[in-house]
Amino acid sequence: MAGWLTRISAATRPSVRWRSMACSSESWRSFRRESSACCSSAAGSRAVGKAITPGLSGHQNLMHFGELRRLDFLHGRSHRIEAHGLHGQPPGRARRGARRRRRPASGRPLSAPDCGRQHLQHPAERDDGARPGRRDPAAPPLFVRGAALPGERRQAQNARAVDRVPVSAGPRVHRRGRRGAGAPFRRFRTDARARPAERDQRAPAPGPSLLRHLQRLRHPPPVAAAGSPGHPPAGPGRGALGARRARPGVPLHGRAPHLTHGGLTMQSKVPVVIVGGGPVGLSMAILLQRFGVDFVLLERSATTTDHPKARGTYTRTMEIFRQWGIDGQMKRHALPDGSDFFAFCESMTGHEWGRTNPEPNVGHSPCWKIIQSQDTVELELLNHARKSEVGRFLFGHEFLHYDEGAGGIAVTGCKVDTGETVTWHAQYLIAADGAASSVRRQADIEMRGPAALAVMANEFWQADLSQVRDAALCAGWRVYAKNSPYPITTVLNTNGKDRWLSLLPVGREVDERIGERTDDEVVRLARTVAGVPNLDVKVINRSVWRMSRQVAASFRKGRVLLVGDSAHRFPPNGGYGMNSGIQDAHNLAWKLAFVLTGRASARLLDSYERERRPVAESNADFSLHNAARFTQCDEALRSGNPERIGFWIRDSDNHIHSIGQSLGFCYEDGAVIPDGTSRHLMRPRWYEPTDRPGARFPHLWLDLARRHTTLDWFDQAFVLVAGPKADEWMEAARAVSGRNGRVVQAHQLDDSHEKDGLLLGLRGAVLVRPDGHVAFRMPWTPPDPAAELSAVLAKLMD
Ligand SMILES: Cc1cc2nc3c(=O)[nH]c(=O)nc-3n(C[C@H](O)[C@H](O)[C@H](O)COP(=O)(O)OP(=O)(O)OC[C@H]3O[C@@H](n4cnc5c(N)ncnc54)[C@H](O)[C@@H]3O)c2cc1C
């Protein structure tokens, strides 16, 4: 320990505001070198220190000071350094520091100009885990400038709602049975929530060996094998973590809090920890709730995002939302049906060269894709998730590190505002922490594929553009403004009314601009692309992000499983990032639930990567081709050749018409038993229903009112779908169901036609997984269907 970097008051050194932090001798020397080069930093932040080192690139500037968590490069000029919790306290101050953290975070409130910069992020910062559109949890509410914007109240309510999530509440203990039915339901409070008197009783103050404690926080012991001396004691009435294996068929949602470290670090047990509360983490949470599997979700931001990124929620995702009963809520935020087209123009009110056609809905699904912005998707997912009593959502909590042992995985996170650390002993850790996933980095899983195709700047602004043709309907405009500093801009329609997101490339690998766009420049940009010189524009927020085409080398490492952008990142063209991620979660959740409840062996989880990786690769290629289509359009428009322009605009239909990509993916290898038939050619534009093993079972309406569909059969159990004359198969399902805790439901079709994609025949059957994908098909009745079915289930799950 060579030195302590101590917060320097803004009055004495306005340029450097450090939190106190421990650092190694080398880091200390390095800090002194760097800090001597510091000069004034414009962008203020109360929770972080900033130092500016001119002349060095962002990556050159990345260094580590002992327990420093992040050293971020901002705007090509300044650094952001964060230290967490007690790590930053010199020994003599630790207790005072701990007391101080119970009070609201100190520091000067952000001034209005500072707030306007909340979303300005350099790609290097994104790389380091930051996320566009996320508010700094320590920052005051956004939109401090000007009049209230439509939807702000909802955002504020949301922020309040999230605040109401008992972030410091102790883990709840769910007992088996329904609460309403009088089943016992108890809550344990951990120290953070306990009243002071209780806290004193239950958790002794830190002992004199605080340094040892700090050491433990930095290097927590690996999770010991179950029952070993180092293993945390089990909670009331429960076996040790590693030894615990629920009885088959029993929802695993009990846990026991365990306090250690004198109330400074809390420990508790939970089957699953999810890191990341974006659309994928929230979907994973909802799926686990449906299976009754308890979890803790850590999200470092205080709220869901307020930056609209994804806007295309595609058919398969809508089918999943329909199953959860939230497709209607999602549609309330969406543009009208038929809005999935792009216009190519000189300005939104000016000359239009052409537009793509909306994709026709030919009824392959009870649902259809919608254009809805990601902020509202996340909001609805969170609202839905919070209706359940299963699981805890800890917003304002950051994942720090994990340690995996034979019996489980210890996941440590901290409360962003106080630095208080908590360790959860879990069976599995789900990394849903986005493209810059820190879980993935710690697991040392590399990403494969080009990391930087372009660096893009998003600007989200408000303006009344009702004079624009199809302003309520058009998904986006590709604007080629003549004689303008913004030659090619994409404008995305986020609410069909008055909120627009403009996207511009700002570099290949790094942001090559001298500085970020000022508010005035964004207003000029908005007026140019709209073609309205006096347009009244308000800047809402911005972000900078890197376009990549990458898929993780592995989706699983031990007890760590990657989902969503942490496993793959695509160009947004085509709209498959969020959709793929939600479908990852849909693929994984039932497997995880089956493994945790003892209905399947842990090997079932290996099928997750084998199934989802080829889909991720396919979606990545599809997205990349779409990005190239835009480039072709750009060149055609530059050429001015009308035939060339027309050709590439027509070709851009292939960008948007992607029902085959959305529904047609088929798992060739994994938790499926191939039947020897050859795979279907996957064509993004065309979907061919099929009951072939690996494919999504086709949708067929079951009633004239078109309310019930075959898709409604698949939710939490395996389902045998039998042909109209396959009574023996139905009997077999009844006979097998219940063995080893494996429920097999059975449904018999009235009709089975090839034109519907059904090859199971009159006397055959297919076994469909809880995620709606066919696991096994036998288009005839074997001599002993029950034995056949038992063997199939054993092959899939043992
Ligand atoms: C302009 C644009 C348009 C797009 N359009 C579409 C589209 O139309 N359709 C589509 O499907 N996709 C689209 N995408 C992609 C989509 O936005 C992403 O694929 C999606 O957000 C991924 O969701 P995620 O939950 O995996 O990750 P994220 O949304 O990045 O969420 C990750 C979460 O983890 C949190 N986190 C990170 N690190 C930590 C930590 N250490 N501790 C705690 N929390 C942490 C972050 O704060 C964040 O909330 C678009 C993207 C962009 C940029």
> Does T349 use its side chain to pair, donor to acceptor, with the backbone of V468 at less than 3.5 Å?
Replying inline: no
> Between N619 (side chain) and G577 (backbone), is there a donor-acceptor pair under 3.5 Å?
Replying inline: no
> Could you go step by step and tell me if V479 and V491 meet the side-chain contact (heavy atoms from CB on, under 4.5 Å) rule?
Replying inline: CA-CA 7 Å; V479 180; V491 181; 4.2 Å; yes
> Has the side chain of R612 got a donor or acceptor atom that lies under 3.5 Å from a matching backbone atom of S580?
Replying inline: yes
> Hey, are the side chains of V416 and E299 touching, using non-hydrogen atoms and a 4.5 Å cut-off?
Replying inline: no
>> Checking Y576 against S658 for the side chain to side chain donor-acceptor pair (under 3.5 Å) test, could you report, in this order, the C-alpha distance in whole Å, the side-chain angles of both residues, the deciding distance, and whether it holds?
In response: CA-CA 10 Å; Y576 272 86; S658 64; 3.0 Å; yes
> Is a side-chain donor or acceptor of S347 paired with a backbone partner of G350 at a separation under 3.5 angstrom?
Replying inline: yes
> Measuring from L381:CG to M284:CE, what's the distance to the nearest 0.5 Å?
Replying inline: 13.5 Å
>> Has W500 got a side-chain atom pairing as donor or acceptor with A463's backbone, closer than 3.5 angstrom?
In response: yes
> Between the side chains of T317 and N579, does any donor sit under 3.5 Å from an acceptor?
Replying inline: yes
> Does the side chain to side chain donor-acceptor pair (under 3.5 Å) test come out yes or no for Q374 and T305, once each step is laid out?
Replying inline: CA-CA 8 Å; Q374 184 169 330; T305 189; 6.0 Å; no
>> For a 4.5 angstrom cut-off between non-hydrogen side-chain atoms, does M578 reach T313?
In response: yes
> Does any donor atom in the side chain of N458 or W545 lie under 3.5 Å from an acceptor atom in the other side chain?
Replying inline: yes
>> Any side-chain to backbone donor/acceptor pair from Q550 onto G449? Under 3.5 Å, distance only.
In response: yes
>> Working note: L335 + N493, criterion side-chain contact (heavy atoms from CB on, under 4.5 Å); need CA distance, chi angles, decisive distance, verdict.
In response: CA-CA 9 Å; L335 302 187; N493 190 347; 3.9 Å; yes
>> Measuring from atom NE2 of H397 to atom CG of L400, what distance do you get when rounded to the nearest 0.5 angstrom?
In response: 10.5 Å
>> Donor-acceptor check, side chain of S548 to backbone of A451, threshold 3.5 angstrom: yes or no?
In response: yes
> Can you name the closest pair of heavy atoms from D433 and S438 and give their distance?
Replying inline: OD2-N, 3.0 Å
>> My understanding is that only residues two or more places apart in sequence, or in another chain, count here; which of them pass side-chain hydrogen bond (donor to acceptor under 3.5 Å, both in side chains) with D651?
In response: R629, N654
>> With heavy-atom distances below 4.5 Å as the criterion, would you say the side chains of E459 and R517 are in contact?
In response: yes
> Any side-chain heavy-atom pair from S554 and E446 closer than 4.5 angstrom?
Replying inline: no
> What do the steps show when you test E617 against R613 for salt bridge (charged side-chain N to carboxylate O under 4.0 Å, His left out), and what is the final call?
Replying inline: CA-CA 6 Å; E617 292 284 359; R613 159 186 278 289; 3.6 Å; yes
>> Under the rule for ring pair (Phe, Tyr, Trp, His ring centres under 6.0 Å), what residues qualify as partners of F344, not counting sequence neighbours?
In response: none
>> Looking at T518, is its backbone amide N or carbonyl O close enough to the side chain of E521 to form a donor-acceptor pair, meaning the two atoms are under 3.5 Å apart?
In response: yes
> For S502 and L525, which heavy atoms make the closest approach, and how far apart are they?
Replying inline: OG-CD2, 3.7 Å
> Are D498 and L465 side-chain neighbours, meaning at least one heavy-atom pair lies under 4.5 Å?
Replying inline: no
>> Y402: which residues meet the ring pair (Phe, Tyr, Trp, His ring centres under 6.0 Å) condition with it, sequence neighbours left out?
In response: none
>> Using 0.5 Å steps for rounding, measure from the CG atom of D417 to the CD atom of E398.
In response: 12.0 Å
> Stepwise, does the side-chain contact (heavy atoms from CB on, under 4.5 Å) test hold for T631 with E635?
Replying inline: CA-CA 6 Å; T631 313; E635 282 173 15; 4.1 Å; yes
>> Ignoring hydrogens, what is the shortest heavy-atom contact between P279 and I582? Give both atom names and the distance.
In response: O-CG1, 4.2 Å
>> Before you tell me yes or no, could you show the steps for D621 and R549 under salt bridge (charged side-chain N to carboxylate O under 4.0 Å, His left out), namely the whole-Å CA-CA distance, both residues' side-chain angles and the distance that decides it to 0.1 Å?
In response: CA-CA 8 Å; D621 287 340; R549 186 255 174 248; 2.8 Å; yes
>> Rounded to the nearest 0.5 Å, what separates atom CZ in R638 from atom CZ in R644?
In response: 9.5 Å
> Can you name the closest pair of heavy atoms from A302 and F395 and give their distance?
Replying inline: O-CB, 3.6 Å
>> Which heavy atom of A636 sits nearest to which heavy atom of I645, and what is that distance?
In response: O-CG1, 3.4 Å
>> Between H568 and F570, is the ring centroid distance below 6.0 Å?
In response: yes
> CG of D511 to CZ of R513: how many Å apart, nearest 0.5 Å?
Replying inline: 4.0 Å
> Which class fits the ring pair H307 and F460: parallel under 30°, tilted 30 to 60°, perpendicular over 60°?
Replying inline: perpendicular
> Atom CD1 of I430 and atom CD1 of I274: how far apart are they, to the nearest 0.5 Å?
Replying inline: 6.5 Å
> Counting distance only, does the side-chain N/O of R440 pair as donor-acceptor with the main-chain N or O of A435 below 3.5 Å?
Replying inline: yes
>> I656 vs F342, test: side-chain contact (heavy atoms from CB on, under 4.5 Å). Steps then yes/no.
In response: CA-CA 9 Å; I656 316 260; F342 265 82; 3.6 Å; yes
> Taking the side chain as C-beta and beyond, is there a heavy-atom pair between W353 and C633 under 4.5 Å?
Replying inline: no
> Closest heavy-atom contact between R527 and P533?
Replying inline: CD-O, 2.9 Å
> Is a side-chain donor or acceptor of N541 paired with a backbone partner of D306 at a separation under 3.5 angstrom?
Replying inline: yes
>> Tell me whether R478 forms a cation-pi arrangement with F630, defined as NZ or CZ under 6.0 Å from the six-membered ring centre and within 45 degrees of its axis.
In response: yes
> Is there side-chain contact between D464 and D536, with heavy atoms separated by less than 4.5 Å?
Replying inline: no
> Between E516 and R542, does a salt bridge (charged side-chain N to carboxylate O under 4.0 Å, His left out) hold up when you go through it step by step?
Replying inline: CA-CA 10 Å; E516 72 279 359; R542 347 156 183 226; over 6 Å; no
> Does a side-chain heavy-atom distance below 4.5 Å link R311 with Q372?
Replying inline: no
